[in-house]
Amino acid sequence: QLAARLPSLFLMRPPLERFWKEIAHAVPRRLCSLSALRSRKCHISSSTTTCHSGHATAPHGGTRRYRHRQRGDGMYDVVVVGGGAAGTFAAIEAARRGSTVLCLEATSRPLKKVSVSGGGRCNVMHDPNSWDPDGGTHNHTLVHSRYPRGALELLGSLSTRFSPVDTAAWFEAEGVELKCEDDGRVFPTTDRSETVVDALLEAARRAGVHLKLGSKVLQTKQTDGGGFEITYSDRDKGRATTVVRSTSLVLATGSASHGLAKSLGHLVSALIPSLFSFRLDGPGAILDGSLAGVSLVDVELGFTRPASEGNTTTDGGTVTSRGPLIVTHNGISGPAALRLSSFAAVELAAARYRGEISLNLMPGVTPAELTTTIQNFREHGGSRKQVATMNPFGLPRRVWAAVLAGRPLQRRGGDSRSTLVTPLDPNGRGALRGVDLAKPWGYVSKLDTIAIVARMRAAKLPFSGKDSNKEEFVTAGGVCWSGIYPHTMESRQVDGLYFAGEIVDIDGITGGHNFQSCWTTGYVAGANAAACAPAEMSKQVV
């Protein structure tokens with residue numbers, strides 16, 4: 001707060017005032033959040049062990065209650081627009097710092113996205129033990145691997161203001177026991193999203209947040225004397241409009257509503273889908289709906305934009321993704337596909353969600369190594385065994401048959417068993433010949449080996465269209481970071497205006513990373529919005 005008040009301590013001309021304002025924004029606001037910013041170790045087991053912080057955190061609930069000095073005449077210190085994850089978190093933090101807070105949610109159900117995430121279990125965050133409290137290049141690499149957009153801007157706040165370790169400690173202090181699953185996703189031990197929703201709403205209630213549902217904000221504008229005037233449709237008054245005023249304003253309206261930000265002079269980058277599955281299209285692919293339900297533990301997918309559309313990525317315009325893959329009735333999904341859709345969101349949108357995805361069934365294994373494995377298996381693994389019944393790579397049986405044939409094989413008519421049929425085109429017409437499934441391993445030729453290796457390393461999956469990923473509603477794009485101070489989440493154009501959550505141009509891959517950005521930006525926005533409150537409105541803990 002002292003840094004923010006430096007210009008008012010001296011009589012300065014406008015250029016010097018602007019200079020001191022930049023200095024104020026450059027000063028880390030550690031005094032506002034010392035209790036939550038210490039390095040902590042968080043111990044979460046691979047199953048159900050609770051997180052434990054290394055020391056007592058700042059007042060994060062428990063039995064403490066807060067008493068606030070109320071302000072009349074429709075005046076609040078902080079108004080938060082949006083009752084989702086980021087908005088609720090910002091409101092809680094601002095209220096805990098002594099501000100009178102009004103949180104306006106347009107729908108009748110706050111924290112809706114929290115309720116439905118993770119199949120109703122709520123993937124709160126990702127494994128906090130993957131985060132290094134001491135910082136360094138590890139965290140830098142980690143953040144950039146998890147956030148296709150907004151990673152650089154988020155890194156500072158994750159490192160020094162509200163990290164994954166802080167997040168785990170916060171929820172533990174609110175009575176939410178957490179467990180970490182094998183893939184790093186963190187859930188409440190109850191496996192019920194209501195546990196997280198109830199904890200957040202109770203924290204807001206105890207902090208003194210005034211949460212109004214069914215209150216759609218129609219207009220926000222700056223007042224002549226500083227601060228904001230907010231007009232909203234009040235459900236409690238028969239949808240009549242109500243006007244309130246505030247010193248600070250936090251916009252946390254999510255990825256689908258940017259009108260208020262635009263009205264206050266902010267630029268919004270193009271909004272495009274992220275985190276979706278792919279619809280495979282046309283014949284010739286080795287995977288299709290006939291293999292629905294088959295899962296592959298470790299594959300690598302790649303997408304290259306057509307040269308005519310120009311390339312904006314490194315590595316020749318090819319975006320790659322590695323991880324598990326699931327074959328669906330319509331195409332492919334799973335972590336590898338979702339990660340590709342996220343990191344290649346811009347390229348895929350430019351291609352109108354049509355093109356080819358390359359599939360590498362054996363990432364990390366060179367063609368020479370694959371060839372040697374096949375030769376050794378042919379000579380020592382049972383030369384009389386049919387190639388369809390034995391494979392040296394541990395692939396699912398139906399996928400291995402598709403690799404041999406160059407296409408998925410259909411079951412015999414009327415037969416529900418997985419009996420394989422010899423592929424069409426036994427003469428191997430085309431660029432790569434199909435291998436007769438009845439052929440003994442001892443008769444696998446050099447050309448057969450070349451075809452098998454080629455399909456395992458770079459099979460082509462034509463696709464046309466996309467499908468949403470269950471409960472994930474992630475959008476790339478939003479309020480441009482060029483208009484925001486990342487370390488405070490305050491607007492560069494409008495004093496006292498803050499942003500939190502998916503309204504800004506930030507999105508992460510699946511696994512709890514999008515919620516983490518909501519908790520972090522919400523915390524930072526709420527803390528700094530409260531710093532604008534009058535000094536006499538300080539918090540009293542009883």
Side-chain angles (χ1 to χ4, degrees), residues 280 282-304 318 320-327 331-332 334 336-337 356-411 418-463:
L280 297 184
I286 66 170
L287 303 179
D288 66 14
S290 67
L291 300 177
V294 170
S295 61
L296 298 164
V297 176
D298 184 25
V299 304
E300 183 177 77
L301 301 177
F303 175 74
T304 303
T318 299
T320 61
S321 171
R322 182 171 174 177
L325 186 71
I326 300 172
V327 184
I332 54 174
E356 280 188 345
I357 294 173
S358 63
L359 169 65
N360 183 353
L361 292 167
M362 300 296 292
V365 182
T366 66
E369 291 171 335
L370 290 175
T371 300
T372 300
T373 300
I374 292 174
Q375 291 173 345
N376 291 338
F377 196 80
R378 180 182 61 197
E379 296 172 5
H380 309 292
S383 60
R384 297 184 180 181
K385 299 290 185 179
Q386 293 183 349
V387 292
T389 59
M390 295 185 66
N391 82 81
F393 303 107
L395 294 173
R397 184 167 178 251
R398 288 192 288 162
V399 174
W400 173 244
V403 168
L404 294 172
R407 54 177 291 180
L409 304 179
Q410 304 298 322
R411 304 175 192 271
S418 58
T419 304
L420 298 174
V421 184
T422 302
L424 299 176
D425 194 12
N427 296 320
R429 297 188 183 95
L432 292 175
R433 57 185 290 162
V435 179
D436 188 345
L437 303 187
K439 178 181 289 189
W441 266 104
Y443 290 90
V444 172
S445 66
K446 183 176 180 180
L447 289 178
D448 291 335
T449 301
I450 293 173
I452 293 172
V453 171
R455 280 192 284 268
M456 292 188 68
R457 288 276 303 173
K460 300 300 181 183
L461 304 178
F463 70 95

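On a predicted model such as this, the values are computed, not experimentally measured, just so you know. Atom set for the values below is all heavy atoms of this structure, side chains included, hydrogens, waters and symmetry mates excluded.
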Find the distance between [atom1] ([X]) and [atom2] ([Y]) and round it off to the nearest 0.5 Å.
{"X": "I286", "Y": "K460", "atom1": "CD1", "atom2": "NZ", "value": "11.5 Å"}
{"X": "L404", "Y": "D436", "atom1": "CG", "atom2": "CG", "value": "10.0 Å"}
{"X": "M456", "Y": "L395", "atom1": "CE", "atom2": "CG", "value": "4.5 Å"}
{"X": "I332", "Y": "D288", "atom1": "CD1", "atom2": "CG", "value": "12.0 Å"}
{"X": "L447", "Y": "I452", "atom1": "CG", "atom2": "CD1", "value": "11.0 Å"}

Can you name the nearest heavy-atom pair linking [X] to [Y], along with the distance?
{"X": "E300", "Y": "P363", "answer": "CB-CB, 3.9 Å"}
{"X": "A401", "Y": "L437", "answer": "O-CD2, 4.1 Å"}
{"X": "S290", "Y": "P408", "answer": "OG-CB, 3.5 Å"}
{"X": "R455", "Y": "G434", "answer": "NH2-CA, 4.0 Å"}
{"X": "L296", "Y": "L361", "answer": "CD1-CD2, 3.7 Å"}
{"X": "L461", "Y": "A285", "answer": "CD2-CB, 4.0 Å"}

**OP:** Quickly, which of T373, V403, I374 forms a side-chain contact (heavy atoms from CB on, under 4.5 Å) with V453? Name it, please.
**Re:**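 Checked T373, V403, I374 against V453; only one passes side-chain contact (heavy atoms from CB on, under 4.5 Å): I374.
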
Considering only heavy atoms from C-beta outward, does the side chain of [X] approach that of [Y] to under 4.5 Å?
{"X": "F393", "Y": "L370", "value": "yes"}
{"X": "D448", "Y": "V387", "value": "no"}
{"X": "K385", "Y": "P440", "value": "no"}
{"X": "N360", "Y": "T320", "value": "no"}
{"X": "L359", "Y": "L301", "value": "yes"}
{"X": "T389", "Y": "W441", "value": "no"}
{"X": "R378", "Y": "T449", "value": "yes"}

Original post:
Just by distance, do the side chain of S295 and the backbone of I326 share a donor-acceptor pair under 3.5 Å?
Top reply: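 Not at all, since once roles are kept as given, no pair shorter than 3.5 Å links the two residues.
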
Subject >> Any residue meeting side chain to side chain donor-acceptor pair (under 3.5 Å) with E369, in chain and number order, not counting sequence neighbours >> reply: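 Residues passing side chain to side chain donor-acceptor pair (under 3.5 Å) with E369: T366.
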
**OP:** Decide yes or no on side chain to side chain contact (heavy atoms under 4.5 Å, CB included) for V327 and V399, but give the supporting numbers first.
**Re:** CA-CA 10 Å; V327 184; V399 174; 5.8 Å; no

